[in-house]
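Please read the structure below before turning to the comments.
No hydrogens, no waters, no symmetry mates; every other heavy atom, side chains included, goes into these values. In what follows, chains are A, B, ... by sequence order, proteins preceding strands, each numbered from 1. Here the structure is a predicted model, which means the values were calculated and not measured.
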Protein chains: 2
Amino acid sequence: MSSGRELFARDGPEAQMDEIAARAGVGIGTVYRHFPTKEALLTAMVRDRFQEFAEIATLAEDTIDPRYAVETVMRRSAEAVEGDVGFQLAMMGSNQLEWEGIEEQKAVLAAVVTRIIRRAVDAGAVRDDFTFEDFGMMMCGITSTMYYQPGSADWRRHLAIIVRGLCPPVRDAEPESV
Amino acid sequence: MSSGRELFARDGPEAQMDEIAARAGVGIGTVYRHFPTKEALLTAMVRDRFQEFAEIATLAEDTIDPRYAVETVMRRSAEAVEGDVGFQLAMMGSNQLEWEGIEEQKAVLAAVVTRIIRRAVDAGAVRDDFTFEDFGMMMCGITSTMYYQPGSADWRRHLAIIVRGLCPPVRDAEPESV
DNA sequence: TGACAAACGGAATCTTAGCTCCGTATGCTG
DNA sequence: CAGCATACGGAGCTAAGATTCCGTTTGTCA
């Protein structure tokens, strides 16, 4: 499956079964003996990857500063998908129906990240209505920069702007829009 | 071509030539007499749409408050792609090579939006390093919310967070990350 | 009305990629 | 070593969708 991962990283779901098999040095038949359909193979890879997200989040939880902990999960997660087109798509589309069978991994991730967010909220380090759903939304946005504008845009800058946007509103100092 | 637009809105580039022809009430041959390839048809539609962006931006330029002008271009542009899958992809991928032949439309858009941004920067209403490239990057992010997380996430909230993140840094009041 | 041109329709073709199937190779057991 | 089981390889099947091509229709001019 590691050869599948390499091609998935380069080509995304477009990666072709023939090539995956060839790269792995086996026949197509053998691939299909392990995974009944292409989709099953993709799902297996995505599931593995989501497990990594949970691990990343768990590590980030050690960060002392509450706000920096939030920023760290986001940055590390983004770094994890950098250069991996298939993974980028999985991250952006993780809320879509098309990925069945990764519910468990997502649940673990959600639990950890929710804790990190709650801590930041309680500390007044981020806007108090910030949620895990927002986290997914923002990660999707950051990832879209990598996927759709590789080279021409800098996702770290995108992240910086978002993190800044998560600060709690400061009355008076920053007037709301008209 | 309007039937093409409807299907493109619903299915994106996946829209099928047969169906486009059928919907338009003509034969496939006729479609191919107007557009040599499917790609040519898609490009023509995207070009039209980018023209709309330029118009939207031009209208937004009338907004008095400099920061609100920026927010308005973003919001109106996002509203323009709402419910139009093909257009969403075009917006996100506008910097990709795959869209040849829309350079002119993009140039007009860039000119207008750049003026709006400059005015906001000069007024100190947004961070002073905000550029047109950032604008494209952020729009891509907002659009990805619509495209990848329809129903489960709210792009207006995404926009609000980003607009907040574009504010110039306030020293002391908001400590930087560790 | 007849002859020619322009535009049309859609069946047939071509290509790509997922998947199946069967003959073969490998390995285990008595 | 013979017999059986398990796993393999990859040619070929099938479906889907873009594109082509030619017989037909429609429109124009004398």
Side-chain angles (χ1 to χ4, degrees), chain A residues 1-50 84-94 96-102 147-148, chain B residues 1-50 84-94 96-102 147-148:
Chain A
M1 194 170 87
S2 66
S3 73
R5 184 171 295 185
E6 284 172 28
L7 283 175
F8 188 56
R10 194 190 69 194
D11 303 335
E14 313 278 89
Q16 287 166 21
M17 295 303 268
D18 299 30
E19 205 177 346
I20 291 175
R23 176 84 67 113
V26 300
I28 309 181
T30 301
V31 173
Y32 276 92
R33 214 158 291 113
H34 291 299
F35 303 94
T37 64
K38 179 177 181 179
E39 197 181 326
L41 171 58
L42 296 183
T43 300
M45 288 191 293
V46 170
R47 185 174 16 224
D48 271 19
R49 292 297 225 162
F50 261 81
D84 186 327
V85 169
F87 203 7
Q88 286 164 18
L89 281 166
M91 155 134 275
M92 291 191 286
S94 62
Q96 285 180 122
L97 306 178
E98 113 187 51
W99 299 118
E100 312 254 331
I102 61 166
Y147 184 81
Y148 290 103
Chain B
M1 194 170 85
S2 66
S3 74
R5 183 170 296 185
E6 283 172 27
L7 283 176
F8 188 55
R10 195 190 69 193
D11 303 335
E14 314 279 86
Q16 287 166 21
M17 296 302 269
D18 300 32
E19 206 178 343
I20 291 175
R23 177 83 68 110
V26 301
I28 308 182
T30 301
V31 174
Y32 276 91
R33 213 157 293 112
H34 291 299
F35 303 95
T37 63
K38 180 177 181 177
E39 197 182 326
L41 171 57
L42 296 183
T43 300
M45 288 191 292
V46 170
R47 184 173 16 226
D48 270 19
R49 291 296 225 161
F50 261 81
D84 186 328
V85 170
F87 204 6
Q88 286 164 19
L89 280 166
M91 155 134 275
M92 292 192 284
S94 63
Q96 284 181 124
L97 305 177
E98 115 188 47
W99 298 120
E100 312 252 334
I102 62 166
Y147 184 80
Y148 290 103

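One atom, OH of B:Y32, and another, P of C:dA6, lie 24 Å apart when rounded to the nearest Å. Between A:H34 atom NE2 and C:dC19 atom C1' the separation is 16 Å, expressed in whole Å. Rounded to an integer number of Å, the gap from A:E14 CD to C:dA17 C1' is 11 Å. With rounding to whole Å, B:E19 atom CD is found 10 Å from D:dG17 atom P. Rounded to whole Å, the distance from CZ on A:R33 to P on D:dG10 is 12 Å. Rounding to whole angstrom units, CG of residue B:D11 and C1' of D:dA18 are separated by 16 Å. Here the P atom of nucleotide D:dT20 and the CZ atom of B:F35 are 16 Å apart, to the nearest Å. As rounded to whole Å, 9 Å separates atom P of D:dT19 from atom CD of B:E39.
Here A:R10 does not pair with A:D84 in a salt bridge; the nearest charged N to carboxylate O distance is not below 4.0 Å.
Under 4.0 angstrom from either OP1 or OP2 of C:dG9 there lies at least one side-chain N or O belonging to B:T30.
Nearest to the side chain of B:T37, among C:dC19, D:dT19, D:dC8, sits D:dT19.
Taking OH of B:Y148 as the reference point, atom CE of B:M92 lies at 5.0 Å (rounded to 0.5 Å). Taken to the nearest 0.5 Å, the CD1 atom of A:I20 stands 10.5 Å off from the CD1 atom of A:I28. Here OG1 of A:T37 is found 7.5 Å from OH of A:Y32. Values are rounded to the nearest 0.5 Å.
A residue-by-residue look at A:D18 and A:G27 shows that A:G27 has its nearest nucleotide of DNA chain D further toward the 5' end. Between B:I28 and A:Q16, it is B:I28 whose nearest contact on DNA chain C lies nearer the 5' terminus.
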